[in-house]
Structure formats: structure tokens, C-alpha cells
Engineer: 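Sharing a structure below in C-alpha cells format, with a few things to ask.
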Amino acid sequence: MSIVNAKEIMVEAAKNGYAIGAFNITDLLQFEAVIDAAVETKSPVIVQTSVKPSQFLGTNMMVAIFRTLAQSAPVPVCLHLDHCTDIAYCKKCADAGYTNIMIDASKHPFEENIRQTKEVADYCHSVGDISVEGELGTVGGVEDQVKVAEDEAQLANPKQSVEFVERTGVDIFAPAIGTAHGVYKTKNPKVDFERLATIHKMLNGDGIKIPLVVHGGTGLPDDYIVKLREAGGAKFNVSTELKHTLIDAKWEYINAHREEYDPGKLDVFVRDATRKAVIGWMEKLGSVGKA
Ligand code: 13P
């Protein structure tokens with residue numbers, strides 16, 4: 001059995017100078033490809049679902065796939081619910097067997113964000129070995145049902161970050177630092193590395209207690225990834241890149257084999273393209289060989 005929550009593998013990562021890839025999937029093929037990549041590279045891994053794909057397949061189906069794939073994989077695997085704004089759905093996923101839950105109440109004022117996040121953290125901790133992620137400030141761009149205009153994105157205040165973590169009881173923390181969901185509009189997006197480092201020092205200066213999450217992985221330049229890891233990023237979320245890989249690989253295969261009606265071959269091609277993309281991330285994050 002290699003089912004884990006996110007906090008335990010992130011603490012190990014933060015202590016040892018690497019980071020865990022957290023990959024948003026929408027279907028079985030992507031799920032398999034992420035686990036295959038983790039097994040091939042001996043990497044710990046987080047598979048994540050946004051709310052819509054989780055609702056589309058159903059929580060029980062998602063967890064059944066997770067348990068089936070994770071049980072036979074000789075690497076630690078976590079199933080994470082990403083950016084859920086609905087407390088009831090967070091609880092439903094915790095009950096079903098997700099091992100990390102993100103309550104995203106970041107659009108609310110500080111006190112309401114704390115209230116909602118604490119409710120989910122208390123619940124998850126009472127039902128099982130489930131870690132909880134909270135967010136402060138807002139990440140620009142679009143992820144599933146969460147949309148934030150770039151000019152409305154707010155960075156996390158370091159002092160408030162400490163208060164937020166202490167009062168909510170979250171296990172892992174996503175401070176907004178300027179990274180964004182989707183494709184970056186410029187080659188050098190404005191990311192506040194120092195803010196992440198300051199928050200990391202304030203929370204984890206005496207030893208890793210609350211590992212930090214970096215959202216908006218797609219399109220981050222390689223040198224940014226290095227700096228973000230050094231500043232304390234222990235989980236990097238990647239969603240848009242895998243969506244593009246899925247659609248582009250399907251398009252490429254169908255275009256090249258327009259007369260062929262063999263879904264199995266198409267699936268193998270798409271799964272392989274996804275596996276390669278995920279391995280690329282595991283190499284950049286330094287998680288290869290760490291499982
Ligand atoms: P990207 O879509 O930019 O990779 O961001 C993913 C993410 O942060 C999911 O929470």
C-alpha cells in the first residue's frame with residue numbers, strides 16, 4: 001500500500017531540497033500516465049482533480065481508480081482535491097477517500113477564509129489521515145470553476161500567512177506570490193520569490209512544519225522553478241500543460257491516422273505523451289529517485 005497524504009511527502013521533500021509534482025488529471029488515461037511516470041522515475045507523486053472532473057466521474061469512481069492504481073505502485077501516491085470552494089464537497093471527498101483536500105476560500109475576506117478553511121481542516125482531521133491545503137491571497141487566471149482576473153490577484157501578506165496557518169490548522173499552505181493558472185502572457189512573469197522565502201522562513205525556520213505549495217506550474221521558466229524550490233516550494237501544481245498535451249496528442253494521432261478506428265492505439269499514444277510530460281516535471285523538481 002503506497003497511499004499517503006500530501007503533507008508527509010512534502011515534509012520529506014522540503015527537508016531534502018526537492019519538490020513534489022502535483023498533476024491535475026481529468027480522466028483515467030492521464031491518471032495512469034502520472035502513476036506510470038512516478039513508478040518509472042521512482043518519484044513520490046500527487047494526483048489532483050479539480051471539482052468538475054471529480055464530479056463528472058464521481059468521487060467513489062475517482063477514489064476506486066486511485067486505490068487500484070496506487071496499491072500496486074511501489075511509490076507514495078496522494079489523491080488531492082484541488083481548489084474546492086464548496087465546504088460540503090470538500091467533506092464528501094474526504095469521506096470518499098481523497099487524502100488531501102484544498103479548500104479555496106481565498107476570494108473571501110480574511111476572517112471568512114479562516115472560518116471556512118478551519119471548518120474543512122477540523123473535519124478532515126477528524127475523519128482520517130487527510131492533510132488540508134489552504135490559500136491566502138489569490139492566484140490569477142482560470143482553474144476549473146475558479147476565475148481571478150490578473151489585475152485582481154492579490155499577493156499573500158507574510159504576517160497574515162502565519163496567522164492564517166495558526167488559526168486554521170492547515171497542513172500545507174499556498175500563499176499567492178504572483179504565479180498564475182493557465183498560460184503566462186509574458187516570458188518573464190512577475191513572481192515574488194522573496195515573499196515565498198519570507199513566508200517559508202516564518203513558518204518553517206525552526207524545521208519544516210507547514211510545507212508550501214506553488215500554483216500555476218505551466219509555463220514557469222526553468223530558472224524560476226529552481227528559485228521557487230530554493231525559496232521553499234515543496235509542491236508544484238501542473239494542470240494546463242497536461243490538458244494541452246492530452247488534446248494536442250489526440251489531435252496529432254487522429255490527424256496522422258484518419259482512417260484507423262482503433263481507440264486502444266490512440267490511448268497508448270496519448271498516455272505516452274502525458275507520461276513523458278510528467279517525467280519532464282519530475283526531473284525539474286528533483287523528485288526522481290526519491291521514492
Ligand atoms: P497551471 O494550469 O498553470 O499549470 O496551474 C495549475 C494549478 O495551479 C492548479 O491548482
Side-chain angles (χ1 to χ4, degrees), residues 6 10 19-27 30-31 33-34 37 45-54 62 78-86 89-90 93 98 100-107 117 120 131-150 153-156 170-192 196 211-222 224-225 228-229 233-248 273-274 277-282 284-285:
M10 287 172 67
I20 310 283
F23 302 96
N24 289 64
I25 59 100
T26 54
D27 68 5
Q30 288 178 309
F31 213 137
V34 172
V45 72
I46 298 169
V47 182
Q48 359 192 92
T49 69
S50 301
V51 173
K52 279 190 210 152
S54 168
M62 214 38 119
C78 163
L79 180 62
H80 165 81
L81 176 69
D82 204 29
H83 285 289
C84 183
T85 54
D86 175 355
Y89 198 73
C90 287
C93 289
Y98 276 66
N100 197 78
I101 302 287
M102 177 184 189
I103 167 74
D104 181 355
S106 61
K107 269 200 142 178
T117 306
V120 172
S131 49
V132 173
E133 175 177 337
E135 177 174 310
L136 189 63
T138 45
V139 176
V142 181
E143 174 56 37
D144 200 43
Q145 86 285 18
V146 180
K147 296 185 184 69
V148 178
E150 305 271 299
Q154 299 251 327
L155 304 190
V170 287
D171 304 279
I172 66 178
F173 176 56
I177 49 163
T179 57
H181 296 132
V183 176
Y184 289 97
K185 292 189 182 104
T186 62
K187 271 195 167 172
N188 301 303
K190 208 166 164 233
V191 172
D192 196 338
L196 187 68
L212 302 181
V213 183
V214 175
H215 282 255
T218 298
L220 278 177
D222 288 359
Y224 280 43
I225 295 172
L228 288 165
R229 277 174 54 189
K235 168 180 185 263
F236 281 65
N237 289 4
V238 182
S239 175
T240 304
E241 181 179 330
L242 294 197
K243 287 185 190 138
H244 284 211
T245 302
L246 179 85
I247 304 283
D248 289 347
T274 307
V278 171
I279 288 176
W281 267 98
M282 289 168 165
K284 285 189 230 181
L285 297 179

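Whatever order the structure lists them in is the order used to number ligands and atoms, beginning at 1. Side chains included, hydrogens not; waters and symmetry mates left out as well; all remaining heavy atoms used. By convention here, the first residue in the shown sequence is residue 1.
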Engineer: Of the protein's non-hydrogen atoms, which lies at the shortest distance from atom 3 (O) of ligand 1, and what is that distance?
Structural biologist: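 Answer, as residue, atom name and distance: G182 N, 3.0 Å.
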
Engineer: Residue-level breakdown please: for S50 versus ligand 1, do any non-hydrogen atoms fall below 4.0 Å on the side chain, on the backbone, on both, or on neither?
Structural biologist: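 No part of S50 comes within reach of ligand 1.
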
Engineer: Under 4.0 Å from a heavy atom of N24: which atoms of ligand 1 are those, numbered in the order shown and with their elements?
Structural biologist: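 In order of numbering, the contacting atoms are 9 (C).
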
Engineer: Any nitrogen or oxygen of G216 lying under 3.5 Å from a nitrogen or oxygen in ligand 1? Just yes or no.
Structural biologist: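 There is such a contact, yes.
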
Engineer: Has T179 got a side-chain atom pairing as donor or acceptor with G216's backbone, closer than 3.5 angstrom?
Structural biologist: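 Checking the backbone N and O of G216 against the side chain of T179, no donor-acceptor pair under 3.5 Å is found.
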
Engineer: Which ligand 1 atoms does D82 reach within 4.0 Å, using its non-hydrogen atoms?
Structural biologist: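 Numbered from 1, ligand 1 contributes 9 (C), 10 (O).
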
Engineer: Could you grab the distance from atom CE of M62 to atom OH of Y98, nearest 0.5 Å is fine?
Structural biologist: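 If I round to the nearest 0.5 Å, the distance is 5.0 Å.
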
Engineer: Show me which atoms of ligand 1 lie under 4.0 Å from any heavy atom of A180.
Structural biologist: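 It comes down to these atoms of ligand 1: 3 (O).
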
Engineer: Give the single entry among T240, N237, V238, L242 that approaches atom 2 (O) of ligand 1 most closely by any heavy atom.
Structural biologist: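 Going through T240, N237, V238, L242 one by one, T240 has the nearest heavy atom to atom 2 (O) of ligand 1.
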
Engineer: Quick check on contacts: which atoms of ligand 1 are under 4.0 angstrom from a heavy atom of H215?
Structural biologist: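 Checking each atom against H215, I get 8 (O), 10 (O).
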
Engineer: With atoms numbered from 1 as shown, which atoms in ligand 1 lie under 4.0 angstrom from a non-hydrogen atom of S239?
Structural biologist: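 Close to S239: 1 (P), 2 (O), 4 (O), 6 (C).
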
Engineer: Using a strict 4.0 Å cut-off to heavy atoms of T218, name the atoms of ligand 1 that fall inside it.
Structural biologist: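 This gives 1 (P), 2 (O), 3 (O), 4 (O) as the contact atoms.
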
Engineer: About how many Å separate CG of D82 and NZ of K52, when rounded to the nearest 0.5 Å?
Structural biologist: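 Reported to 0.5 Å precision, the distance equals 13.0 Å.
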
Engineer: Which atoms of ligand 1 sit under 4.0 Å from any heavy atom of H181?
Structural biologist: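 Taking each heavy atom of H181 in turn, ligand 1 has 3 (O), 5 (O), 6 (C), 7 (C), 8 (O), 9 (C), 10 (O) under 4.0 Å.
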
Engineer: Would you kindly say whether N188 and T186 are connected by a side-chain donor-acceptor distance under 3.5 Å?
Structural biologist: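 Side-chain D/A pair, N188 to T186: absent.
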
Engineer: What distance do T49 atom OG1 and N24 atom CG have between them, rounded to the nearest 0.5 Å?
Structural biologist: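 If we round to the nearest 0.5 Å, T49:OG1 and N24:CG are 8.0 Å apart.
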
Engineer: Parallel, tilted or perpendicular: which describes the rings of F236 and W281, with under 30° parallel and over 60° perpendicular?
Structural biologist: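 F236 and W281: tilted rings.
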
Engineer: Run the contact test for E241 against ligand 1 with a 4.0 Å cut-off on heavy atoms, strictly below, and give the result.
Structural biologist: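 E241: no contact with ligand 1 (<4.0 Å).
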
Engineer: Pairs of nitrogen or oxygen atoms closer than 3.5 Å, one from Q48 and one from ligand 1: do any exist?
Structural biologist: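 No, Q48 has no N/O under 3.5 Å of an N/O on ligand 1.
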
Engineer: Evaluate H83 for polar contact with ligand 1, using N/O atom pairs at a separation under 3.5 Å.
Structural biologist: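 In this structure, H83 places an N or O atom under 3.5 Å from an N or O of ligand 1.
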
Engineer: Under a 3.5 Å distance rule, please check whether T218 uses its side chain to pair with a backbone N or O of E241 as donor and acceptor.
Structural biologist: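 Here the side-chain-to-backbone pair exists.
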
Engineer: Looking only at heavy atoms, what is the nearest atom pair of G134 and V170, with distance?
Structural biologist: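 Nearest heavy atoms, G134 then V170: N-CG1, 3.8 Å.
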
Engineer: Taking the side chain from D171 and the backbone from V132, do they hold a donor-acceptor pair closer than 3.5 Å?
Structural biologist: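 Here the side-chain-to-backbone pair exists.
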
